[in-house]
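What's counted below: heavy atoms across the whole structure, side chains too, no hydrogens, waters or symmetry copies. Please read these numbers as outputs of a predicted model, since none were measured by experiment.
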Amino acid sequence: MAEGQEEVFAVSYKEQAVHQRKHRSDAAVAGLAAPAGVVRASVKDMKPFDPFEILGVDSSATDKEIKKAYRQLSLKYHPDKNPDPAAASYFAEFISKAYAALTDEVSRKNYEQYGHPDGPQAVNVGVALPEWVFAKDKKVAPLMLLGLVGCGILLPLVVASWYMLSSNRFAGPNNIMAETLAFYYHSKYSVKESQSLVRIPETLVCAMEFISMPTPAEQVAPLEELRKSVLRAYPDLKDKAPFWKRKASVLKAHMLVLSHLEREGDSIPQALQADLKFVLQKSPLLLEEMFKIATLPRPPHGYGWLAPAMAIVEMQQCLAQALSISARKPQGKPADASTLLLQLPHFDQDVVKKLKRNKIGTLKELAELPAEEQREQLSKAGLSSASAEEVATFLSVMPTAHVLVKFEMEGEDEIMEQDVAKCKVRLVVTRPSHNQDSFTLPAQGKSVRAFAPLFPLPRDENWYVILADPATNSVLSATKVNLLEAERVGFERPEVVEEWAAAQAGAEADSKKDGQATGKAVAAASRFISRYGKGSTAKGSDSTAAEVTDAQEAGQLVELMFMAPLKAGKYDLQVHVLCDSYVGCDRILPVRLVVAPLTRAAKEGRDARSMAKAQQWASDDESDAGDKSDGKERAGRDSDTDDSGSGSEDESDYDYDSDETGELESGSDEEYEEKPKKKSKAKVEKTPSAGDTKQAPAAAADDEDEGMPELLEQ
C-alpha cells in the first residue's frame, strides 16, 4: 500500500477516535416529554469496524501479508516509534485490534459474530432539546419544566378525575343523582316505615337536584310573594320555624310544590316559572325512586313497607291533577266523594257545593248524566263552556281496572314455606271513551297519555301493582307497568269484563249454595246475553264463542314473584292496583294465600317429581332426535320412489288443497286413516282412532271447567 494512502487512513481513524471520546463525554438528557417538534431523538451513525481496511490489505490476504502490513504500521504508529499520543491511541484501538481480529481465534470469532473484535458494542441514543431551553436566562428552563409537568401529567389527571366523578354522579334509568338516593335511603328526611302522605313532600324536596338549584338575588322579591301565597293556603306553617330555616333552594322547591297542589301555578311570579317547571319535571322521577326504596326488601322477612309506598303513589296522583294534600283522607282510607270531584279541572269547594245543591254529590252521578244535562249542571255551578268541555273529556278518560288474581307455584300443586311463588294478576282497563267512534288506541310500544290539564308537561299513565300484607305493613312484591295491552283488550273485547263478572258470580254461587248468590249469577248471565247475545262483536275484532270461553286467559298478565312466608298457615293479603294519574281508580282486591308446611315427606316428594320430570325431558329429547332421523329416512325413500317414476298423484299419501300452502285436504277422519294404507314401502305409524280423537276435546273441556273455580278462588 502506498504511503499516502496509509496516512489518509491514519488521519481518518485518528479523527474517528477523537470524535468517539468527545461523544462519550457529552451528557445524555432523557426522561422528559415535550411537544412535537421540540424533542428529537438521534442515533449516532458509527462507521463499521473493518480490519482489512485498517491494515490496508485485501480480504483474501494471507497470514504472511497480514503480518507484513502490521509490522509496517507498527513502525509508524507504535508508541516506541512515534511519541504522538494520537498515534499511540490509534495504534491501540484500531491497528492492534484489527491485527488481533485477523490472527487471534477469539477476536476473529467476535468479529465474525458481532462485527468487532471486542464483542457487541453499545449504541449511543440521546434526546435533544432546543438550545433556548438552556439559555443563560435562568427563568426559561423552570417555566418549561412546569409546562411539561402541567400539560403532560396534571391535565390528564384532572380530566380523568372529572370524567369518573361525572359518570358516577347519576344512577338508575331515571338518571337520579347518587346523593339523592343516599338522602332518600338513609338521612333525617329519608323514607320511613310508617310515613304518611303529609310527610312525603318533606322527603321529596331533599333531592340533590333541588338543593343545587340556584337562587339569585333577582328571586328575593318573587320568593317573598310566593311565601305569602303559601301562608294563605297553609296558615299553620307560620309558627313552624324548621320549615323556614332550611336551605333557600330546598324551601323554594317545597313552596313551589305546595303552590302547584293548591292550583296556584298561574299566580306564581314569572321569575319562578322556570323553577316550577323543573320541579314538576323531576318530581315524578324522584317519587318513582322513593317508591323503589319503600318497597325494597328488608330483613328479617325480606319485605318492603306498604304505608310509604301507598303514600308515594297518592302523592303522584295529587301532582298529576293538582289536588291539595289536605283534601285527601288519611292514608289507608279511600278518597271520599268530594275528593274525587275536586280533582276535576276548574273545580273547587264552591263548585262542589253548588253541585250538591242539585243532588250531584259524587263523580259517578256526574259522569252518568246525559251530555246536555251535564253541561247544564256545570254551567249552573259557574263553569264556562270551555271548562265544561274539559270536565267532560276528563270524565270520558277516567279508567276502570278489572282484576283477576291467582297464586301458583311452578311445577307444584301447593305453595309451601319459603317457596318462591308467583302471583298472576290479569288486568283489563275500560273507559267511557271506548264507546266513542273517535277513540283510537296508541301504537304498539307507546304509552297511554294521562289527561292532566293542570300539569305543565306531558305525562304517561302508569300503574303500580302491589302484593301486600296490611296486617304487618309489608310489601311482598311490587312493580310498575304500562297497561296498554289491558287497554287494548278492554277496547276490542268488552265482553271479557262481563264474562269475568258472570264467572265470579257463578263461583260465589257454588261456594255459598244459596239462592241469593244464584240470583247474582243469573243476573250477570242475563246482562251478558242481553248485551252480546244478538251477534254484536267488539270494535276491531271478530269475537267468537271460543274467545268468550277463553275470557279467563284474556287481559294483560302481570306476574309478581315473592317469597312465601316462613310459617305455614292462611294469610289474608291484598292486591293493590294503583293508577299514578287519577284519584279514585285504584283497586284493592283481598286474596287469601294458603301456605302448606314443608315436611320431610313433602320435600322428598318434590325431589322425586323433579327427578321424574328430568328423566321425562331426557326421553323427550331422545324421541325428538329419533323422529328427525326417521323423517330423514322417510324423505330419502320418498325421493327414491319419485326417481323410479312411481310417485303419481293416485299413489301419494295425502292430497293437498294447495301446493303453496301445504294444507291438508278436508275430509272425514276415516278417509284420513285410509290413505296411509296405500303406501307400500313407507313405515306405518300408529294413529289414534276416530273415537279417541272425539274424546280428546271433551277431556280438555272438563279440565277447563275444573280450572275455572281455581282461577277465581281468590
- Task: Using the six-membered ring of F491, assess whether NZ or CZ of R488 lies under 6.0 Å from its centre and within 45 degrees of the ring axis.
- Result: no

- Item | Row check, W244 ring normal vs R227 NZ/CZ: under 6.0 Å, within 45° | yes

For [Y], is there an ion pair with [X] - N to carboxylate O distance below 4.0 angstrom?
X: E225; Y: R232; answer: no
X: E559; Y: K422; answer: yes
X: E288; Y: K480; answer: yes
X: R426; Y: E553; answer: yes

Does any N or O in the side chain of [X] come within less than 3.5 Å of the main-chain N or O of [Y], such that one atom is a donor and the other an acceptor?
X: Q273; Y: G265; answer: yes
X: S387; Y: L383; answer: no
X: N473; Y: L306; answer: yes
X: E264; Y: S259; answer: no
X: S477; Y: F562; answer: no

- Query: Hey, which of W463, F394, F451 is the one that makes ring pair (Phe, Tyr, Trp, His ring centres under 6.0 Å) with Y582?
  - Reply: F394

- Task: List the steps and the verdict of side chain to side chain donor-acceptor pair (under 3.5 Å) for N482 and E461.
- Result: CA-CA 7 Å; N482 175 17; E461 179 185 306; over 6 Å; no

- Task: Report the distance from atom CD of Q281 to atom CG of L286, rounding to the nearest 0.5 Å.
- Result: 10.5 Å

- Message: For a quick test of reading the model, state the closest non-hydrogen atom pair linking R246 to V250 and the distance between them.
- Response: NH1-CG1, 4.1 Å

- On a heavy-atom basis, the closest approach of A367 and L395 is CA-CD1, 4.1 Å

- Task: Please report the C-alpha distance between Y571 and F407 in whole Å, then the side-chain angles of each, then the deciding distance to 0.1 Å, and finally whether the ring-ring contact (aromatic ring centres under 6.0 Å, His included) criterion is met.
- Result: CA-CA 12 Å; Y571 295 87; F407 292 108; over 10 Å; no

- Centroid-centroid distance, Y189 to F183, less than 6.0 Å: no

- Can the ring centres of F210 and H254 be said to be less than 6.0 Å apart? no

